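One structure is given below, encoded as C-alpha cells.
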2 protein chains.
Amino acid sequence: METTQQAAGQQRPADQRRRELLEAADRVVLRDGPQASMNAIAAEAGITKPILYRHFGDKGGLYRALAKRHTDALLDALRAAVDAPAERRERVEATLDTYLAAIEARPQVYRFLMHPAEDTQPSEAGFDVGRHSAPLLRRLGEELAKVIYDRVDLGPGSEQLARVWGHGIVGMMHGAGDWWLSERPCSRAELVRCLADLLWGRLAAASDRAGGPGF
Amino acid sequence: METTQQAAGQQRPADQRRRELLEAADRVVLRDGPQASMNAIAAEAGITKPILYRHFGDKGGLYRALAKRHTDALLDALRAAVDAPAERRERVEATLDTYLAAIEARPQVYRFLMHPAEDTQPSEAGFDVGRHSAPLLRRLGEELAKVIYDRVDLGPGSEQLARVWGHGIVGMMHGAGDWWLSERPCSRAELVRCLADLLWGRLAAASDRAGGPGF
DNA sequence: TCTTGGGTGTTACTTGCGGTAACCGAAGTG
DNA sequence: CACTTCGGTTACCGCAAGTAACACCCAAGA
C-alpha cells in the first residue's frame, strides 16, 4: 500500500468514498452475481472488510444502497417509456420493452436486484411473513399503480384496482422476463407483442379450441 | 438384488426413512422458513447431519426433494381448478383463488418454494446467467401453457403465444400474490376479481381519464 | 465359531462467510 | 510535545455447509 500522497488535505468527503465503494461493489456484483461476498467487494475496492461495515452497517445495508441506485435508474427509464406521448398500447409495449432490454443487458445485476441473497435475519418473533423478495418489484408495482390510477378511468374502486393491476402487471413482466431470459424462446419484440396481447384481452376474446372438451 | 422382504427385521426400506426425514424437514421449514439449517432439520428428525447428507447429497438435494413434494401437491390442486367443468372466466378465477389460498395458508412454505435459499454453488466458469429463482414458477408456467395451448384457439403461432402467456400469467399471480400477502390490502375474492378483470382486457377497454393526458 | 460386510449412527473436524474488537499510523491542533 | 481522530489493518468469533473417520448392529459364509 503506497501512502496516499494527497497534495493538500483533500479530505474526500466520505460521500465520495461511499460512491467509490458502491462502484466497486457494482463491478463485483456484475461479475459474481448476487452471491458476491463482502471480502470480494472489499478486495475489489482495494481495502478490507471493516471499512465496508463502517460505511454500510451490514451486508443488507450495502445491498440496499446498491439496489437503490439501479432501481432508480431503471425506474427513470420506465417512467420515460410509460409517459411517452403515444397511444396506450404503444406506451405499454414501450414499457415492457424497456424493462426487458434492461434485464437483457445486465442479467447479473438483474438477478442481484431480484434475489438480494436472503438476509438471514434472526427475525425475533418469527412471524415476519411479510418481508419477501425484492423491494424493486414493490416499487415498480406501486409506481405503475400510480400511473394507471392517474391516467386510466376505471370507475368505482379504481384505486384498489389500479394497485392490484400495477403489481399484477409488474409480476407478469418479471415472470415472463425471467423465463425468457433463461430460455430465449423468441425475440424481445415478439415477447413484447405477446404480453401486450395478453393485457389486451386476447385470452378472453379467443374461442375454445375446435373439437371442444366436453368439460 | 433380492426383492425379498425381510419380514422379521423391521429394516425400514430406506425409502420410508427418506420420507420421515422429509417430514421432519417440512416441519422445520414450516417453522423457520427458507433459512432452515441442516443442523436444525437433523435435530428435528432426531439424528445428525451426515445422515441427511447420505440421503440427499447436499442441501440443494434436500431442498429439491422437499420442493418437489409441495410443488406436486400445489400443481394437483391447480390442475383440478383449471380443468373444472365451467366457463373459462370461472375456471381462471378458481385457479387464481386456489393458488392464493395455498400461499395464504402456509406462507413459510411458500417463501421456501419461491426463494430456495440461493445454492451458493461455485458455478465454475461464472456465467451461469440462466439459472434463476424458483423451479416452481417454471413448472407452473409450463403447465399453464400446456392447458392454454390445448384448450384455447389462438390461431397461428399459438404455441409460442401460449408459452408466453403461461409464464406471464403465472408471474402475474405470483407478483400480485406476493404483494397481497404482505400488505393484505383487500380480501382474496376481491383480488381474484381484479386480476381476472385484468386478464379480461379491462385495461384496454377503459377510457383515458377525464381531463386527458396533455403529455 | 469367527469373521466379514453393509446398514445404522456418531463425534469431530475443515472451510468459508458475515460481523466485530482491538490495534496502527499519519495527519491536524493546542 | 501530547492528544485526538480519522482511514486503515490484523486477528479473531460464531455459525452453517459439508466431510472424514470411527463405532455399532445384525445378517450371512467359510
Side-chain angles (χ1 to χ4, degrees), chain A residues 1-21 24-25 28-29 32-66 112 116-123, chain B residues 1-21 24-25 28-29 31-66 112 115-123:
Chain A
M1 286 327 149
E2 77 292 0
T3 54
T4 55
Q5 57 89 22
Q6 63 274 52
Q10 66 209 62
Q11 194 78 329
R12 253 80 144 280
D15 254 15
Q16 180 87 8
R17 199 86 190 91
R18 188 186 164 95
R19 202 159 286 169
E20 289 174 16
L21 296 184
V28 176
V29 165
D32 296 353
Q35 70 266 29
S37 84
M38 293 299 264
N39 265 322
I41 294 174
E44 171 71 31
I47 47 143
T48 49
K49 272 193 299 178
I51 304 184
L52 283 183
Y53 285 97
R54 283 226 251 275
H55 276 273
F56 302 101
D58 64 349
K59 189 171 183 164
L62 199 171
Y63 275 25
R64 246 173 284 124
L66 207 51
F112 161 72
E118 313 293 341
D119 355 286
T120 333
Q121 61 160 9
S123 156
Chain B
M1 276 350 187
E2 72 289 6
T3 58
T4 66
Q5 31 74 8
Q6 53 268 63
Q10 59 221 51
Q11 195 81 328
R12 252 76 145 281
D15 253 17
Q16 180 88 5
R17 198 89 192 90
R18 188 186 163 95
R19 202 159 288 168
E20 289 173 16
L21 297 185
V28 176
V29 165
R31 170 160 40 80
D32 297 354
Q35 68 266 33
S37 86
M38 293 300 263
N39 264 323
I41 294 174
E44 172 70 31
I47 47 142
T48 50
K49 271 193 300 178
I51 305 184
L52 285 183
Y53 284 96
R54 281 228 252 275
H55 276 272
F56 301 101
D58 64 348
K59 188 171 184 166
L62 200 172
Y63 275 26
R64 248 173 282 125
L66 208 51
F112 160 72
H115 312 295
E118 313 293 342
D119 355 286
T120 333
Q121 60 160 11
S123 155

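Letters A, B, ... are given to chains in the order of the sequence lines, protein chains preceding strands, and every chain is numbered from 1. Since the structure is predicted, the reported quantities are computational estimates derived from the model, not experimental observations.
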Closest approach of Phe56(A) to Leu62(A) (non-hydrogen atoms, all atoms of both residues):
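What the structure gives for the nearest pair is CB-N, 3.5 Å.
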List, one per line, each side-chain donor-acceptor pair under 3.5 Å for residues 37-48 of chain B, sequence neighbours excluded.
residue  : atom : partner  : partner atom : Å
Ser37(B) : OG   : Asn39(B) : N            : 3.4
Ser37(B) : OG   : Ala40(B) : N            : 3.0
Glu44(B) : OE1  : Arg31(B) : NH2          : 3.3
Glu44(B) : OE2  : Arg27(B) : NH1          : 2.4

Quick one: side-chain contact (heavy atoms from CB on, under 4.5 Å) partners of Arg64(B), sequence neighbours excluded?
Asp58(B)
Is any side-chain N or O of Arg17(B) closer than 4.0 Å to OP1 or OP2 of dG9(C)?
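True: Arg17(B) side-chain N/O within range (under 4.0 Å) of dG9(C) OP1/OP2.
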Hey, is the side chain of Thr48(A) poking within less than 4.0 Å of OP1 or OP2 on dG8(D), counting only N and O atoms?
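Checking Thr48(A) against dG8(D): no side-chain N or O falls below 4.0 Å of OP1 or OP2.
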Under-3.5 Å N/O pairs linking protein and nucleotides 12-17 of chain D:
residue : atom : partner  : partner atom : Å
dA17(D) : OP1  : Lys59(B) : NZ           : 2.4
dA17(D) : OP2  : Met38(B) : N            : 2.9
dA17(D) : N7   : Lys49(B) : NZ           : 3.3

Atom [atom1] of [X] and atom [atom2] of [Y]: how far apart are they, to the nearest 0.5 Å?
| X | Y | atom1 | atom2 | result |
| --- | --- | --- | --- | --- |
| Glu20(B) | Arg17(B) | CD | CZ | 5.0 Å |
| Lys59(B) | Lys49(B) | NZ | NZ | 10.5 Å |
| Arg18(B) | Ile51(B) | CZ | CD1 | 14.5 Å |

Without swapping roles, check the side chain of Tyr63(B) against the backbone of Phe112(B) for a donor-acceptor pair under 3.5 Å.
no
For atom [atom1] of [X] and atom [atom2] of [N], their distance in whole Å:
| X | N | atom1 | atom2 | answer |
| --- | --- | --- | --- | --- |
| Ile41(A) | dC17(C) | CD1 | C1' | 12 Å |
| Glu20(A) | dG7(D) | CD | C1' | 13 Å |
| Leu52(B) | dG9(C) | CG | P | 10 Å |
| Phe56(B) | dT19(D) | CZ | P | 15 Å |

If you pin Arg54(B) and Ile47(A) to their nearest nucleotides in DNA chain D, which one's is more 5'?
Ile47(A)
Over the length of the helix from dT1(C)-dA30(D) to dG30(C)-dC1(D), how much do the five-pair end axes diverge, rounded to 10 degrees?
40°
Checking dT19(D), dT9(D), dG9(C) against the side chain of Ile51(A) (C-beta onward), the nearest is dT9(D)
